[in-house]
Novice: 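This is the structure I have questions about; it appears just below.
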Amino acid sequence: MTTQTEARAKHKYTAKLAGDIETRWQAWWDEQGTFVTPNPGDAGFDSSKPKFYCLDMFPYPSGAGLHVGHPEGYTASDIISRHKRMTGHNVLHPMGWDAFGLPAEQYAVQTGVHPAETTKKSIDNFRRQLKRFGFSYDWSRELGTIDEDFYRWTQWIFLRIYDSWFDPEADSGHGKGRPIAELIEQFMTNARPIRVNPDAAEHDNDTKARSWDTWDSMTTDEQRLVVDSYRLAYLGEQTVNWCPKLGTALANEEVIDGRSERGSFEVYRKPLRQWMFRITAYADRLLAGLADVDWPESTRIQQTEWIGRSEGAEVDFALADPPAGADEALRVYTTRPDTIFGATYMVVAPEHPLVGAVLLDPPAGTDAGTVRTYAEEARNRSDVERQESKEKTGVPLGIDVVNPATGERIPVWVADYVLMGYGTGAIMAVPSGDERDFEFAKAFNLPIVDVVYPTTVMAIAYAAEHAREDEPGGWQTLMADFVGHVTSESVPPEKFEAALGVVRTRRKTADDAPNMRGGVQAEWLLTIADMGEPDLASIRARFAGKRHWDASGAAFTGAGRAVNSANDEVSLNGLSVPEAKATIIEWMESKGIGNGKVNYRLRDWLFSRQRYWGEPFPIVFDENGHHHPVRAESLPVALPPMADYQPIESQDPQPLLAKATDWLHTTAGEAGVDSLPADAKVTRETNTMPGWAGSCWYQLRYCDPKNESRFVGLDAERYWMGAEAKNPGVDLYIGGAEHAVLHLLYARFWHKVLYDLGAVSTPEPFARLFHQGLITSFAFQRKDKTLVPVDEVENKGTEEAPEWVETATGERVGQITAKMSKSLKNVVNPDDVIEQYGADTFRLYEMYMGPLEASKPWNTKDTIGLFRFCQKLWRLCVDEETGAPRFADEADATTEKKLHRMIDKVGRDIDRLAFNTAIAAMIEFVNAADRLTRDQMDRFARTLSPFVPHIAEELWAKLDKTEPMGSVALQPWPEVDHEMLVDDEIEIPVQILGKVRSKIVVPAGADQKSMEEAALADPRIVELLEGRTVRKVIVVPGRMVNIVAN
RNA sequence: GGGCCUGUGGCGGAAUCGGCAGACGCGGCGGACUUAAAAUCCGCUUCCCGGGAACGGGAGUGAGGGUUCAAGUCCCUCCGGGCCCACCA
C-alpha cells in the first residue's frame, strides 16, 4: 500500500469510519437529550406546534436479539418521526418492552435462570441494538410491562374493568360501560329490574330466570350473584383451551388448528373457573369503531370476521316426548329461519344437556350405549383430532321434536359438527340449504326438502311458462327481464351478463364451458346453450320436470325465492330470502316459539394464565371463596420472588403461584382489601394475566410514563392522543400484520372501556395503522417441496443463469423465498450487517428493498449498493484526504434545480411512506451532482438526516453548524422553490396510433393547438404520415400527442 | 373451501390520476487505475432482427378476451405465488 492511498483512506467513508461517526453521535444525542420530548406544561414545550404521535409495536425482548424484521418498521417510523420534527411538529416517539410472557418463562425453565434475570439481559441487549441504529426515541420515556410502576396500573385498569358493567341502553342505544356503583344504584331505586344478566354466558337458564322485587330483600349472596353477573371482568366456569405441555389455558386467539400458537402443543377442552372479560358486550362497538380508523382494509376485515356478527333467530322445537329432567323444547340458533320448512332433522352438540338427559332416562327408541360411546368419544377428542377429519359422524338420540312450521315429527341427532360454544349448541338441519347439513343428510340418508330455488331456475321456469310460441327468442328476453328484476339483492349482475352472453352467442367454442363461473346460474344457462338452437317447446320439454332446483346434487345457499314453504298461517312462497326471514320471524314471535337474535363468533376473552411470569391479579378470595378487589393505594400486587417456577405439567390445571405459600395466604388488611375486616384471612388469586395485558394500554403510559398518581396524566393524554383532533388517537402505529386480531382487538377493547368510564379522551387508540411487510429470505426447495438449508446448495450454472444444486445429492433445487428460520440457515443478524457497513447503510438498505408494506426477500449482495451511495455522497461533500468539506465556489444552476427537485420528491415520498423511491431520488442526485456550495450542502444534509442521521449530523458539524444551531435533526426541513420544479421547455412524445414515433420540444405552458401544430410539423412525423389521412389528434398538454391516422 | 394481497429484465424493484414500460440498486459485460487481485472510478446492459456505428424495425408487464385515440394501470375469465381464516348453523 502506498503512502498516497493511506492518506486517502484516512477520511474515506469506510465501515470503520461509519462506525466511529455513528457511535460518536449516538452518545452525543443521549448526552444532549436531543430527542427528549417535553409534555404540555414542561419547560421547553412549544404549544404552537401540532403534535404527532408515532408509535412502534414494542418488541418482545427475546434472548435471540433483534431480527432484521424489527428495524424495518422501526426505521420507517424513525424517518417519519424525524421528518415530522423538521416540519414543525411536537413528536412523541417512544420505545419499550413487552416483557411478560411464556417464552421467557419457558427459557428460564430450560436454563434454570430466573425469568426476571434473563428478561433484563434481553432488554439490555435489545436496547443496545436499537440505540446502535440511531433511532430517535425519547429514551426518557422507556417502559417495560414488567416494571412494578407499570404493572401497578395494568392491575388498576383491570380493577376498573372489574368494577364496570355494560349498559346496552346507555348512549342512546349504542351501549357503554359504566361503574358498577351506578348499576347497584339502579337496582336500589328499582330503575332496573333486579335479575341476573341475561347475556351472561356463565349462568344457566334457571339462574337467569331468577328475579327479585327489591334490593334490600336480597341476601348478600344474592346481591353478589346479580352484580357479578354484570361485571366486565368476571369469574366464569368455562370450557377452556387447556394445554398440558405449557401448563396453562389459552385464549381462542392463541390456539391455531387445535395447537398452541406458542410451541405448537396439543390443546384440549377442559372446564375451568377462570377470569374472563365480557368483550362480547362490546362486539357492536368494536365493529362500529372500525369505520372511524384509518387502518388497512384487510385488518379491518379480519377483525370484522373475528367478531363475526350474524343476524338470525332463536327457535324452540317442542320435544315430542321429553325425557325426565329435560327441557320441554329444544332451542336452536339459525341464520336462515326462512328455511325452517326444510328442517328435516335436528342436531345437538355432544356436550349439549339434552344428551345427558337422554342418557339419564333413555326413551324407548334410544340406543343409550351408542349415544354414550359417541358423546364420550367426541368430548375426549382433542381439537387436533376433531379438525383432522371433516367427515360427518353422528348418532340418533332416539327422540323426536315437532317442526313448528310443518307440524311434522323430525329426529334429533348428536354430532360433533355442531359446537356447544356457539349459539345454543343445537341446530335445525336444513340439508337443501346448508352444505354441512347436506353432507350429513347424504351420509345418513335423511330426507331433503327444497325450500329455496335459485333465481335463475325461477327465471327459466317463468320464461318457459310465459313466453309465446309465435315469438322466437322471446323467452330469452323474458328470462333476462326476470333475472334483472329479481336479482338486485345479492347476485352480481355481471355474472348474469356473462352467462346470458354465452346463451346469446350460442357459445362459440366448447372450450368456454369449463371457464364459465358464476355458479348455478351460469350452469343452467349453459344447459340451454348446449341445446343448440332451442325453441320454446324444447326448453319447456327440457325443464318440464326440472322446473325445480334439483337438491340431490348439492345444497343451495345463494340468492333465490322460497318454495314449499307454507302452512295454514303463513306462506313464504315466492319471497326473496330477506323478505322470507322477516316474515317468518314475525310469525314465530307472534306464536311465541322464536325471536330474531343477533349472534357473534367472538367469545368472551379468557384472561387467566396458570403461569408465573405475568401480572398477578389484584384480587383475593375470602374463606367462602368470594373474590374481593385490592384497593388502588395498595397496588401493585407484586409478583412474589420464587425459586421454583417449574410448571406443573398436568391434565389438571394448577397455577404456579400456588407454590408461593407465604405470599398466597394473608389477611385483608395486609392485602389492602376494604370490603373485609382487616384481620380476615384471605387467599390471593394465583393465576396471572396473559402476555397481552401490558400491550393493551402501553400507548397511553408513554404519554406520561413517570406519573405516580394516575395511569396517565389528563393533560398529557388529551394532548398526545389528540382529544380534539379530527382523527383522534395515535397518529401512526407501525407494526406487523400478525397482530391484526389479537393485540389490536384487545387494546381497542380496554381503550373503549376506559373511554366509557371517562378515563381517556378518545374512542379509539390508534387512528392510523400501517403494517410493514415480512422480510423473507431466499431458500431452496426440492421437487417434492421440501426445503434445503442454504449452505447445502451450490450454483453450478453462471451468475447470469444460475443452476442450483444440492451439494450432497446433486439434485436440482429451485430458489424460492421463505421465512427466515434457523433450520434453513438463512437468518440474517443485524449486528453483522452493521459491523460490515454501518447503521446508516443498514437503514438505507431496508428502506430501499421495496414498498414498506410488501413482503420482500433479504439479499445481502444488494446491501453494497447502499454502502456505495454513502461513500459517494461522502465524497461529494468531504475531501477524503483532509476530511474537510469541499465546496463549489458558486452555485451551478443545474445542480441547484436538481437539489430542489430532489428535496421536493423526498418530502412527498416520506409523506406517502414510499422510502424506496425517496432514496432512489437521493442516489440520482448524488450521481448527477459534481460539487455543492456551502448553502447547498446545508440543505442536502438536512434532507439526508431522516434516512442517514449519522452522516447528516457529521456533515452538519463539518459545516460548523452544530455549535450555533444544535443537532441537524432539530433544524427545519429545507424549503422548496416551486419555480425550480418547472422547466421552460419540455420534451413531448409524439405517437402515431399509440406508438412513440418522435419527440418534440415545446414551451412548458404550450396549449393544445400549438402542440398539435408542432407535432404535425415535425419532419419525422411528416415523413411517416405521408400518404395517410390524419383522422384525429389527441393532445394532452404537458404530456403527449397521439395522432390517429390511416 | 372462503377472504385479502400479489404476478413487470438474470435478481430486488420504479412507473403517485388511463398518457414515453423497465427509474434506482444488485448482478453481468467492457474499460481505467494496479506487477496482480481486491476496493474504487467510468461506460454499456428488456428480448429479437438489421447495421461498423449513429440508428432503424419488431415483440414485450402470468395467459386469453374486452373497453379506449392510448392499458402494467380499468372490466371479464383462467393460471401461478403468498398471507389470513376455516364444520360458527
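On a predicted model such as this, the values are computed, not experimentally measured, just so you know. Proteins get letters first, then strands, A, B, ... in listed order; numbering begins at 1 in each.
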Novice: If you compare every side-chain N and O of A:Arg908 against the phosphate oxygens of B:rU16 (OP1, OP2), does one of them come in below 4.0 Å?
Specialist: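 Indeed not, no polar side-chain atom of A:Arg908 lies that close.
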Novice: Taking the side chain as every heavy atom from C-beta outward, state whether A:Glu72 and A:Met849 have any atom pair closer than 4.5 Å.
Specialist: no
Novice: Please confirm whether A:Lys392 makes a cation-pi placement over A:Tyr417, using NZ or CZ under 6.0 Å from the six-membered ring centre and within 45° of the ring normal.
Specialist: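 Yes - A:Lys392 lies over the ring of A:Tyr417, closer than 6.0 Å to its centre and within 45° of its axis.
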Novice: Please determine whether any donor N or O and acceptor N or O are separated by less than 3.5 Å between the side chain of A:Lys392 and the base of B:rC87.
Specialist: yes
Novice: Hunt down the Watson-Crick or G-U wobble partner of B:rA14, both distances under 3.5 Å, from any strand shown, or write none.
Specialist: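 WC or wobble partner does not exist here.
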Novice: I want to check one thing: is the phosphate of B:rG25, taken as OP1 and OP2, less than 4.0 Å away from some side-chain N or O of A:Tyr848?
Specialist: no
Novice: If pairing requires Watson-Crick or G-U wobble contacts with both distances under 3.5 Å, which nucleotide is the partner of B:rC41?
Specialist: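 Per the H-bond distance test, B:rG31.
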Novice: Strictly below 4.0 Å: does A:Arg875 bring a side-chain N or O up to OP1 or OP2 of B:rC41?
Specialist: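 Indeed, a polar side-chain atom of A:Arg875 lies that close.
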Novice: How about A:Phe842 and A:Trp858: are their ring centres within less than 6.0 Å of each other?
Specialist: yes
Novice: Which base sits across from B:rC83 as a Watson-Crick or G-U pair, both distances under 3.5 Å?
Specialist: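 B:rC83 is paired, partner B:rG3.
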Novice: What is the pairing partner of B:rC74, taking Watson-Crick or G-U wobble pairs with both distances under 3.5 Å in any strand?
Specialist: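 Across any shown strand, B:rC74 pairs with B:rG66.
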Novice: Base, sugar-phosphate alone, or nothing: which one does A:Arg309 contact when heavy atoms must sit under 4.0 Å apart?
Specialist: nothing
Novice: OP1, OP2 of B:rC83 versus side-chain N and O of A:Ser298: anything below 4.0 Å?
Specialist: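 For A:Ser298, the contact criterion (side-chain N or O under 4.0 Å from OP1 or OP2 of B:rC83) is not met.
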Novice: Taking OP1 and OP2 of B:rC24, is either one under 4.0 Å from a side-chain nitrogen or oxygen of A:Lys905?
Specialist: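 So the side chain of A:Lys905 is outside the cut-off, no N or O lying under 4.0 Å from OP1 or OP2 of B:rC24.
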Novice: On the 0 to 90° scale, with breaks at 30° and 60°, tag the A:Tyr333-A:Tyr422 ring pair as parallel, tilted or perpendicular.
Specialist: perpendicular
Novice: What is the nucleic acid contact for A:Pro296, judged by heavy atoms within less than 4.0 Å: base, sugar-phosphate only, or nothing?
Specialist: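 A:Pro296: no heavy atom of the nucleic acid under 4.0 Å.
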Novice: So, A:Asp604 and A:Thr280: side-chain donor and acceptor under 3.5 Å apart, yes or no?
Specialist: yes
Novice: How many Å lie between CD on A:Glu72 and C1' on B:rG12, as a whole number?
Specialist: 14 Å
Novice: What I want to check is whether an N or O donor and acceptor connect the side chain of A:Asp862 with the base of B:rC26 at under 3.5 Å.
Specialist: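 Such a pair does not exist between side chain and base.
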